[in-house]
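The structure under discussion appears below in the form of structure tokens.
Order of the sequence lines fixes the chain letters, A, B, ..., with proteins taken first and strands second; residue numbering starts at 1 for each chain.
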Amino acid sequence: MYQKDPSPKTYRHRDGCRELMEWLTLLGLWSDPLLKITGDRLKLKFLVHSVYITFKNIIPLNMESKNYDRIATEKRWKKFWEKEKIFQFSEKSKAPLYVVDTPPPYVSADHLHAGHIMSYAQAEFIVRYQRMRGFNVFYPMGFDDNGLPTERFVEKKYKIDKSKITKSEFIKICLQETEQGAQTYKKLWDDLGISVDWTKTYSTISPLATKVSQWSFLDLHKKGALYRNEAPVLWCPSCRTAIAQADLEDKKEDAKINSIYFSSHGTKLTIATTRPELLSACVALYVNPTDTRYKHLIGKNALVPLFDYEVPIRASEKVDSAFGTGLMMVCTWGDKEDLEKWQTDKLQTRAVLREDGRLNELGIAYRGLKIYEARKKIISDLQRKGYLIKQEDISHTLNVHERCGTPVEFILSKQWFIKIADLQKTWLAYGKKLHWYPETKRQDYELWVNSLQWDWCISRQRYYGVPFPVWYCEHCLEPILAHEKMLPVNPAEVKPPLSSCPKCGHKKFVPENDVMDTWATSSVTPFIIRELVRDKQIKKKLFPATLRPNAFEIIRTWDFYSIVKSHYHFQSVPFRDVMISGHGLDEHGRKISKRLGNYIPSEKLLEEYGADAIRYWATGAMLGQNLRFNIQEVKKGRKTTIKLWNVGRLILMNLGDFKFKEVSRHLECADIWILQEFNQTLTKVTHAFDAYAYAKAKDEIDQFFWSKFTDYYLEFIKYRLSGDDAISQQAARYTLTTVFLGIIKMYAPILPFITEELYQLIYKKNERAKSLHLSQWPSVIEIHTDQDVSDFTQAIAAIDEIRKYKSERAMPLGSELAKYKLTTKVDVDKYGEFIRNAARVKILR
RNA sequence: GGGUGAUUAGCUCAGUUGGUAGAGUGUCUCGUUUACACCGAGAAGGUCGUAGGUUCGAAUCCUACAUCACCCACCA
């Protein structure tokens, strides 16, 4: 392929090199195994098949490299931070508090990827920033390890049949698995440089979290926010547990809508249904009272096909005469409408579904069949007996359980509920009190609150979770609650605090076997985290938290339920700010998933590009928006760390006898310019970070560092650094070191490793803070001068012009021009000397 | 059906209160011997989803539509 290119070509030290090497090897031109491509230079020229190849940067393997050693650096500072307890919360500090209520991740994930990295790195940028702003940051980490996700994960991983294993054995495996999961996460956070205080951790199954969750239960009960009721609840037949509205997800499905007829006094009544398997649960037919076709039948009965029993025909204005046949079948219970009618009209109950999703004895001939099997058989029987009029294909959306994708059903059962449905105004008011970042996400919250229909069912018929602190009287089923001082308590192992039932006097009790919804525990994290501190005074101040960072899909669960609990317990918001992040997507914008395999495992990413580079990519997300994985951005992050490293080297090589505390009074135009630019950038970056806009902060720092500091300023002062004007040199050194310290401080929240390395190498001797991450956020630099350089852009334009002139004539930029006539308008008296020196021109006209 | 967000250079995305289109990356040309080839300079690239409207002037404000994503509802 190279032969085809007739023009001389320069191969740069990029991806093409390997290809070129292989090609040269094939031609027998590349045979010296001691040669390797690295960052240092050596010029070789080949003439092959009339292709010139200028191939540089080849050095023997044994030559020492001055390249940035990322791996060693990251390891070094990780160790240092841990050993010196840099991120440990101080109970003694008088600084104002900044409390982060971090989402405890589900540890039931064995495939960590860029998405996980992104969601946690983003909160981290803020934490490091606030720490440098002088806040006493409280940054604990929790792990959400109980509940359905974990159970399903364990079931799948070990292919467990829960009917063949005891509850305690199962829980034991869950505990083991979650411990392992926590370790996996901890390692990733450590490698990423997440500045969590690892002395402050909790797990949602721990005695502490159990205690707080159970206390919450007792307190809610005391405050009348809790009740136990037998009612049709949302039920997942696959997980065999009650679930909450928030656990639902939409799923599109192709289905058949079946027209079948009921007969009533000789009339054939055609109804359409997608769920014929619920025929034996039919309790009524409904028509619109104004519908002339059926008016005369209201109050009469209709005969259910196949099952031969009669149901009443009733009227309801909610029935749309124009929809379908204008007849609606109500079952117990196929959907929400059924539930409503059943409740308001006190209809009979014919619950045909069992907890395992099979039909019970009401299904008669279909008893024991699964929903889909029953549907198939009933359709074929209806057809055979002539009840089926027609079948049409439709595509509809149904509610499935988000954890397993199974369509949900309604099943009659006794559950604990927290009152939320009638308090929409209260929840909306809390939503208004919180600061949402971005502001638009408040709407997501409000939309959810407005769509609330049922109270929050918090009991789950599962094994692995926080137990209810409750027993029941065996005789009258009166619930007996634990005393607060008994917590945490497992009612299966402990006796209730009463010896006899206060209602009926019986002395035998049974423990509650259900466990709490996983959100019932995670919604109390604002109360859990403060329990990690001993000092009572500080404990008080840790609530409400300052920041709640989380992704948008748990606004309706974690955020909402936390608000509910915080309201009932303390009439307070649980946190001040909510920072909503998006998801990490793959490079094509698809969700990252194990099934698609569209991701690079996090360990591999870290190994190949380093923590700083990946964090750099993660900073690119706009608040509340998804972020595509972009390897180019990661590479740019790596380039930025290397560039910083090289600037550091330049500084170290040019420090001479520079005294850091000396402020120069002899600043030159370029110095003043860069200092002013720095101050402007700093202001913008600070504002951006304050508003949680880390992406914008990064853009501003990048622009200053790359386009102003390295591309211009460093080039502007090279002649002064190596020149013999001591005063000018001193001013350059002062400006250089001062601005660079500001730069690494601004980059510190995003690129913690390289910045710490540079701080320790260059500045530590003269600074008080033992880590850059404990140092103060930079403040605006005072500029000691009377000079006005507001027109300095002229000088830059002039230099650009000269650079362009040289570039167009294929001249080296470093070559000196004897004379040059500027077309750019510039104050030559003011900037002439500077331009001649910086752009290497002898005479400027 | 209702809602929210997105639609800007080949790709990934910025664009603050309406004033002649921006960055990174990729492409092309050229340069480079002491901070850095994990570099530097330069060039090419867009009627800002479509159609209307407001305005002296619209990527930006309004209306409709299209496509995509997510949320909610419907599911007789």
With a 3.5 Å distance limit and no angle check, can you tell me whether [X] reaches the backbone of [Y] through a side-chain donor-acceptor pair?
X	Y	answer
A:D612	A:F753	yes
A:Y763	A:T737	yes
A:R350	A:S280	yes
A:E587	A:I631	no

Can you tell me how far the CG atom of A:L339 sits from the CH2 atom of A:W454, to the nearest 0.5 Å?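 Reported value, rounded in 0.5 Å steps: 6.5 Å.
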Which nucleotide wins on minimum distance to the side chain of [X], given the candidates [options]?
X	options	result
A:L813	B:rA73, B:rA41, B:rA35	B:rA41
A:F552	B:rC70, B:rC75, B:rG40	B:rC70
A:A810	B:rG31, B:rA35, B:rC75	B:rG31
A:W706	B:rC75, B:rA43, B:rG40	B:rG40
A:D335	B:rA73, B:rC75, B:rA43	B:rC75

Please report the distance, rounded to the nearest Å, between [atom1] in [X] and [atom2] in [N].
X	N	atom1	atom2	result
A:N646	B:rC36	CG	C1'	4 Å
A:L644	B:rC39	CG	C1'	15 Å
A:I799	B:rG40	CD1	P	17 Å
A:W448	B:rG2	CH2	C1'	16 Å
A:M811	B:rA41	CE	P	17 Å
A:I754	B:rA35	CD1	C1'	13 Å
A:K251	B:rA73	NZ	C1'	19 Å
A:R628	B:rC13	CZ	C1'	10 Å

Look at the side chain of A:K718 against the base of B:rA35 and say whether a donor-acceptor pair falls under 3.5 Å; ignore hydrogens and angles.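 Pair found.
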Using the [atom1] atom in both, what is the distance from [N] to [M], to the nearest Å?
N	M	atom1	answer
B:rG5	B:rA64	P	14 Å
B:rA73	B:rC61	P	30 Å
B:rG26	B:rA43	C1'	14 Å
B:rG10	B:rU20	P	23 Å
B:rU16	B:rU60	C1'	11 Å
B:rA41	B:rA58	C1'	36 Å
B:rC39	B:rA21	C1'	29 Å
B:rG45	B:rA23	C1'	14 Å

Reckon [X] touches a base, only the sugar-phosphate, or nothing at all at heavy-atom distances under 4.0 Å?
X	answer
A:L652	nothing
A:Q245	sugar-phosphate
A:D711	sugar-phosphate
A:D320	base
A:V319	base

For nucleotides 23-25 of chain B, list the nitrogen or oxygen atoms of the protein found under 3.5 Å from its nitrogen or oxygen atoms, one pair per line.
| from | atom 1 | to | atom 2 | distance (Å) |
| --- | --- | --- | --- | --- |
| B:rU25 | OP1 | A:K639 | NZ | 3.4 |

Regarding B:rG22, purine or pyrimidine glycosidic angle vs 90° from 0 gives anti
Hunt down the Watson-Crick or G-U wobble partner of [N], both distances under 3.5 Å, from any strand shown, or write none.
N	result
B:rA41	B:rU29
B:rU55	none
B:rC75	none
B:rC36	none
B:rC70	B:rG3
B:rC65	B:rG49

Counting neighbours of [atom1] on [X] that are heavy atoms of other residues, nucleotides or ligands and sit closer than 6.0 Å, is the number greater than 12?
X	atom1	result
A:E317	CD	no
A:K251	NZ	no
A:R803	CZ	yes
A:K696	NZ	no

Have A:D702 and A:Y616 got a donor and an acceptor in their side chains that come within less than 3.5 Å? yes
Less than 6.0 Å separating the ring centroids of A:Y609 and A:W617?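 Centroid separation for A:Y609 and A:W617: 6.0 Å or greater.
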Under a 4.5 Å cut-off applied to non-hydrogen side-chain atoms, are A:K341 and A:M328 in contact? yes
Most 5' of A:G334 and A:N654 on RNA chain B, judged by nearest nucleotide: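 The residue whose closest nucleotide sits nearer the 5' end is A:N654.
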Nearest heavy atom decides the nucleotide; on that basis, is A:K591 or A:Q453 closer to the 5' end of RNA chain B?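 Residue closer to the 5' terminus by nearest nucleotide: A:K591.
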When every non-hydrogen atom of A:A691 is compared with those of A:Y437, the smallest separation belongs to O-CD2, 3.6 Å
Would you list the protein and nucleotides 3-7 of chain B atom pairs, both N or O, that sit under 3.5 Å from each other?
none

